[in-house]
Amino acid sequence: MGRIVVGVDGSESSVKALHWAVRQAELTGDTVEAVNSWEYPATSWASMMPGMPEDFDPQALATVALTETLEEALGAEGAAAVSKIVVIGNPAQSLLDRAEGASLLVVGARGYSGLKATLLGSVSLHVTQHAPCPVTVVRG
């Protein structure tokens with residue numbers, strides 16, 4: 001059995017990638033690992049933001065967002081069968097790191113950022129060029 005890594009940021013494109021990865025895993029017997037990453041704003045932006053509340057926990061917020069996305073997309077039982085990984089860091093690099101030793105990396109064509117007119121978003125473009133395993137980009 002292998003491992004399929006799928007990037008899930010909550011966007012429609014990432015949910016389609018999640019569905020594709022789960023179907024592929026059913027065919028191959030692989031496990032599915034859903035990855036969500038977050039990072040603090042760049043230093044120049046952070047200096048312009050008011051102080052964060054003491055109870056602000058971006059890791060917990062990202063974990064809740066990933067869990068909710070998986071449950072909405074797959075139902076409670078389906079979501080329970082997927083490994084949930086939330087990491088701090090650049091989304092593209094986080095996916096590349098998690099893809100080490102994986103049999104497949106699956107991403108949506110575009111997440112929340114980027115221009116709508118582009119064929120690939122920055123993350124999907126980067127991982128297709130640098131992944132240590134085969135990559136599937138799921139489009140609309």
Side-chain angles (χ1 to χ4, degrees):
M1 268 187 13
R3 179 173 53 94
I4 297 174
V5 174
V6 58
V8 180
D9 66 2
S11 66
E12 183 180 334
S13 182
S14 75
V15 170
K16 288 179 182 178
L18 173 64
H19 282 288
W20 194 97
V22 168
R23 284 192 305 272
Q24 181 66 18
E26 290 169 356
L27 296 172
T28 62
D30 291 342
T31 60
V32 176
E33 183 177 283
V35 178
N36 183 320
S37 69
W38 62 274
E39 57 187 342
Y40 285 107
T43 306
S44 61
W45 286 102
S47 65
M48 295 171 24
M49 295 174 60
M52 296 290 178
E54 286 184 30
D55 62 347
F56 179 67
D57 185 352
Q59 181 76 16
L61 291 173
T63 301
V64 168
L66 178 59
T67 301
E68 288 176 354
T69 299
L70 293 177
E71 288 179 357
E72 287 174 18
L74 306 174
E77 187 176 320
V82 174
S83 297
K84 297 158 198 66
I85 307 295
V86 178
V87 295
I88 184 171
N90 173 273
Q93 190 59 52
S94 297
L95 288 170
L96 292 174
D97 292 346
R98 294 303 307 181
E100 285 290 334
S103 51
L104 183 65
L105 172 59
V106 182
V107 293
R110 278 191 307 277
Y112 281 122
S113 61
L115 301 172
K116 295 258 185 215
T118 60
L119 293 175
L120 292 176
S122 60
V123 172
S124 55
L125 181 62
H126 188 83
V127 300
T128 57
Q129 295 173 338
H130 301 284
C133 65
V135 177
T136 296
V137 178
V138 178
R139 296 192 58 212

Could you tell me whether the side chain of [Y] reaches within less than 4.5 Å of the side chain of [X], counting heavy atoms only?
{"X": "Val106", "Y": "Gln24", "result": "no"}
{"X": "Cys133", "Y": "Leu104", "result": "no"}
{"X": "Lys84", "Y": "Thr67", "result": "yes"}
{"X": "Glu39", "Y": "Pro91", "result": "yes"}
{"X": "Met1", "Y": "Thr28", "result": "no"}

- Query: Under 3.5 Å, side chain of Ser37 to main-chain N/O of Ile88, donor-acceptor pair present?
  - Reply: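 Answer holds: no.
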- Message: Could you check whether any side-chain N or O of Ser14 sits under 3.5 Å from a backbone N or O of Gly108, counting only pairs where one atom can act as donor and the other as acceptor?
- Response: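 Judged by distance alone, no pair lies under 3.5 Å.
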So how far is it from [X] [atom1] to [Y] [atom2], rounded to the nearest 0.5 Å?
{"X": "Leu70", "Y": "Leu18", "atom1": "CG", "atom2": "CG", "answer": "5.5 Å"}
{"X": "Glu71", "Y": "Leu66", "atom1": "CD", "atom2": "CG", "answer": "10.0 Å"}
{"X": "Leu96", "Y": "Leu105", "atom1": "CG", "atom2": "CG", "answer": "7.0 Å"}
{"X": "His130", "Y": "Gln93", "atom1": "NE2", "atom2": "CD", "answer": "9.0 Å"}

Compare every heavy atom of [Y] with every heavy atom of [X], then report the nearest pair and how far apart it is.
{"X": "Leu125", "Y": "Thr128", "answer": "O-OG1, 2.7 Å"}
{"X": "Ala73", "Y": "His19", "answer": "O-CE1, 3.0 Å"}
{"X": "Leu74", "Y": "Ala79", "answer": "CB-N, 3.8 Å"}
{"X": "Ala25", "Y": "Val32", "answer": "CB-CG2, 3.4 Å"}
{"X": "Val137", "Y": "Ala109", "answer": "CG1-CA, 3.7 Å"}

- Are Ile4 and Val15 connected in a single hydrophobic cluster, I mean Ile/Leu/Val/Met/Phe/Trp/Tyr linked by side-chain heavy atoms less than 4.5 Å apart?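 No; tracing contacts between hydrophobic side chains, which count when under 4.5 Å, never links both residues.
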- Has Glu77 got more than 12 heavy atoms of other residues, nucleotides or ligands less than 6.0 Å from its CD?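 Not buried by this count: 12 neighbours or fewer within 6.0 Å.
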- With sequence neighbours excluded, give me every salt bridge (Lys or Arg N to Asp or Glu O under 4.0 Å) pair touching residues 88-105.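 Non-adjacent pairs meeting salt bridge (Lys or Arg N to Asp or Glu O under 4.0 Å): Glu33-Arg98.
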- Message: So, using side chain to side chain donor-acceptor pair (under 3.5 Å) as the criterion, who are the partners of Asn36 when residues are at least two apart?
- Response: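 Scan of Asn36 (side chain to side chain donor-acceptor pair (under 3.5 Å), adjacent residues dropped) gives none.
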